[in-house]
Amino acid sequence: MTDRPAKPQGLGAGPITSQLGARTPQYLDGLNPEQHDAIVSVDGPLLVLAGAGTGKTRVLTTRIAHILHTRRARAHEILAVTFTNKAAREMKERIGKFVGGAIEGMPWLGTFHSIGARILRRHAELVGLKSDFTILDTDDQIRLLKQLLQAENVDEKRWPARQLAHVIDGWKNKGLQPSQLSEADAGVFADGKAVKIYQQYQARLKVLNAADFGDLLLEGIRLFKENPTVLAEYHQRFKYMLVDEYQDTNVAQYLWLRLLAQTNEHRDTANVCVVGDDDQSIYGWRGAEVDNILRFEKDFPGAKVIRLERNYRSTSKILKAASHLIAHNEDRLGKTLQTDVGEEGEPIAVTSVWDSEEEARNIGEDIEQLQRQGHKLNSMAILVRASFQMREFEDRFITLGLNYRVIGGPRFYERKEIRDALAYLRIVTQPADDLAFERIVNVPKRGLGDATIRLLHDAARAANVPLVQATRELIETDELKPKQRSTLRGLLSQFDEWAMRLQTLPHSEVAEAILDESGYTQMWQNDKSADAPGRLENLKELIRSMEEFETLGGFLEHIALVMDRDSADADDAVSIMTLHAAKGLEFDTVFLPGWEEGLFPHQRALDEAGKSGLEEERRLAYVGITRARKRAKLSLAQNRRIHGLWQSAIPSRFLDELPADVVEVKDTGSSYGGINYGGRDQATKFDRRDPFESVYETPGWQRAQRQHKSRSFDRGPTIEGELVARSTNTASSSRYKVGDKVLHLKFGEGTVAAVDGNKLSIDFASVGRKKVLESFIQKP
DNA sequence: CTTCTGATAATTTTT
DNA sequence: TTATCAGAAG
């Protein structure tokens, strides 16, 4: 019996019942042919190329509903991976609607990391861990690496632990264990010691019974490779696999998936469906390989490819602008989005303003105006390239009394007080957790300083036991001074006491007691600083959220892996977030500020990844514009304060890449010059010049010239035929010397008082001494 | 051992 | 501009 409908459209079927095939299921109503095809093609490998706003999530969730409905597999036999918790949650909700609320049955729907952790815990002993291992976050990671660097006598100034963490993360993203690295891979870090320390780091993690984010996948790969029977178990379990945002997978994730999707004697076809959009790949810096999506057909021979190109979100003008922009990228599979909205809509507005303050003011006014016209704040969003841009908007909105909400700011669990509290919980449940112990031994202050800690460390290392164990032994000796000894003894007995209480009492209750009895709460109550009350509030919130979890372990897992922050969705508020955070969302009106060279495209992306970096930035721009349903409003500031210093900026090259006929340029009175579109007139491409001045004397031009010259000497990543403005110019020495008379755009005339590389101290006639960047001054 | 001070550095995106 | 860190003084 087949339930596959003959036609895409359903026949107005009634509610979904568990009876098979009686009618065309309702969930297949209202789909376009491609979507329908993507949903019902459940057997064999399938690649769905889903452009922005083409109903990707709908396809994914409906597909799962379809598999369930047709009884091809049961809920626990479907593996569905997403990148973010948000996406996972959304999918759960939507599937829940199809299936009628019984979502309990989708245990294998989640992020790569949460599913990786889940699998790893079941077989932890096979990779040298215990099933209750701790998941370390970046902070822990860095502190651990710091210790290892110290032990290796590496100069931390020159080779910061943070940087090493990046290097190691990079390896892990590529699926590389220390043993798979050769001398040649060591790179320059700390004179090639990186591999050695990576090895030590991994060993240390095992001792600590801990895994970092990368391990959740990397150790999973090792587990599957070394234990074919375990892998076979999952082969049997997962009848269908689905992957969201496939363009964002890194090598490790790819390997992990491929192991699970392997064909073998038990199955000759992999029912794996991946959904993605190469034009929305924006996580290359995190190790994502667009290649994965580009070579899917090779990996899975006979794979079916379906393109979703009908956009149900944006007006044709918005879509045209976005398509035109992204067409400048060379590395893409190529799609042609067509609008289904049937509305031309408003043109893309581009506003040039004097500085970032004015930008915030303008956008604030626009928002108020829209609000007066009856638009909800919830339907508007400001998407920035870098999080520091957010502050200006927040400031402005506070003075305006405009409701806003910041999405994806500092995560709840990254706050100091939360991490401290968690460390207490961790050390109680997990006595081997040295990192947690170190974090809280002297918080609040107990008179246990460096000297004492070092002693504990030495003892622990000598005996090769965790710190807590070493401490237990040390307090029985005279190694410690009496005062410290009794303090430590007291602390340890508290640990024991709390651990005991956890056996019988509810964990949230014990947690509260821990925070009180340790003096941690008191510490913040005594703190007179402005943010102390907020921190206490956060601690309360922490305890409250613990109540939702059955076990403490479950709660700790949630904290480690889930970035969920309760956002008060109920209020009407403008959203402020980064472009990265905006992926997958949509708004009627989208404000895109800061379209300036150096900020967007971001200088670092250009410096570090050259052309591919530029293309990724362009995809980011594409993502930004395609978030808009009805209105996209771009803006750029001619001056921006980067860190204390004013920098002048030139318009983003992306502005030149927009089709002139759907763009409407606005220029506020306070700026001079204008912007030029279409890029036909090269002389005015970076057009922000004083009308009385030659083009070739503008700072932007001069800077570009200088960069252009200096670049022929170093072989840093460059972009052919593009003039790349760099904000800093570390290599060359200054063109100026003390006593030179100079001219600065904002500060006017002045005299050079000191030269420090490319930074100059200048005494200005009008504003006194200021530090400025050489690139922003000129000879009068 | 703690606290204060001054200096210095660093500013993208995140599971 | 801001946060963080090291060093010196208490």
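Below, read A as the first sequence line, B as the second, and so on, with proteins coming before strands; counting in each chain starts at 1.
Closest contact between the side chain of A/Arg286 and the listed nucleotides B/dT12, B/dT14, B/dT13 involves B/dT14. Proximity note for A/Lys146 (side chain, C-beta onward) versus C/dC5, B/dT12, B/dT15: the nearest is C/dC5.
Residue-level contact check: A/Arg391 touches the backbone only, with heavy atoms under 4.0 Å from sugar-phosphate atoms and none from bases. At the heavy-atom level, A/Phe388 lies nowhere under 4.0 Å from the strands shown.
Aromatic ring orientation, A/Trp595 versus A/Phe600: perpendicular (interplanar angle above 60°, classes split at 30° and 60°). The aromatic rings of A/Phe549 and A/His558 sit tilted, their planes meeting at an angle between 30° and 60°.
Contacts classified as salt bridge (Lys or Arg N to Asp or Glu O under 4.0 Å) and involving residues 141-151 of chain A (residues at least two apart or in different chains) are given here: A/Asp140-A/Arg143. Pairs of residues two or more places apart, or lying in two chains, that qualify as side-chain hydrogen bond (donor to acceptor under 3.5 Å, both in side chains) and include a residue from residues 383-398 of chain A are A/Ser356-A/Glu392, A/Arg385-A/Glu617, A/Glu394-A/Tyr404.
A donor-acceptor contact under 3.5 angstrom links the side chains of A/Gln603 and A/Asp607, judged on distance only. For A/Asn292 and A/Tyr246, the side-chain atoms include no donor-acceptor pair closer than 3.5 Å.
The aromatic ring of A/Phe213 sits over the base of B/dT15, with ring centres less than 5.5 Å apart and planes inclined by under 30°. By the criterion of a centre-to-centre distance under 5.5 Å and near-parallel planes under 30°, the ring of A/His602 forms no stack with the base of B/dT13. Judged by centroid separation below 5.5 Å and plane tilt below 30°, A/Tyr283 does not stack onto the base of B/dT13.
OP1 and OP2 of B/dT14 both lie 4.0 Å or more from every side-chain N or O belonging to A/Thr111.
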Got a list of protein N/O to nucleotides 1-6 of chain B N/O distances below 3.5 Å?
unit_1 : atom_1 : unit_2   : atom_2 : d
B/dC1  : OP1    : A/Gly449 : N      : 2.9
B/dC1  : OP1    : A/Thr452 : OG1    : 3.0
B/dT2  : OP1    : A/Gly447 : N      : 3.0

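Look at CG on A/Asp139: it is 10 Å from P on C/dT4, rounded to the nearest Å.
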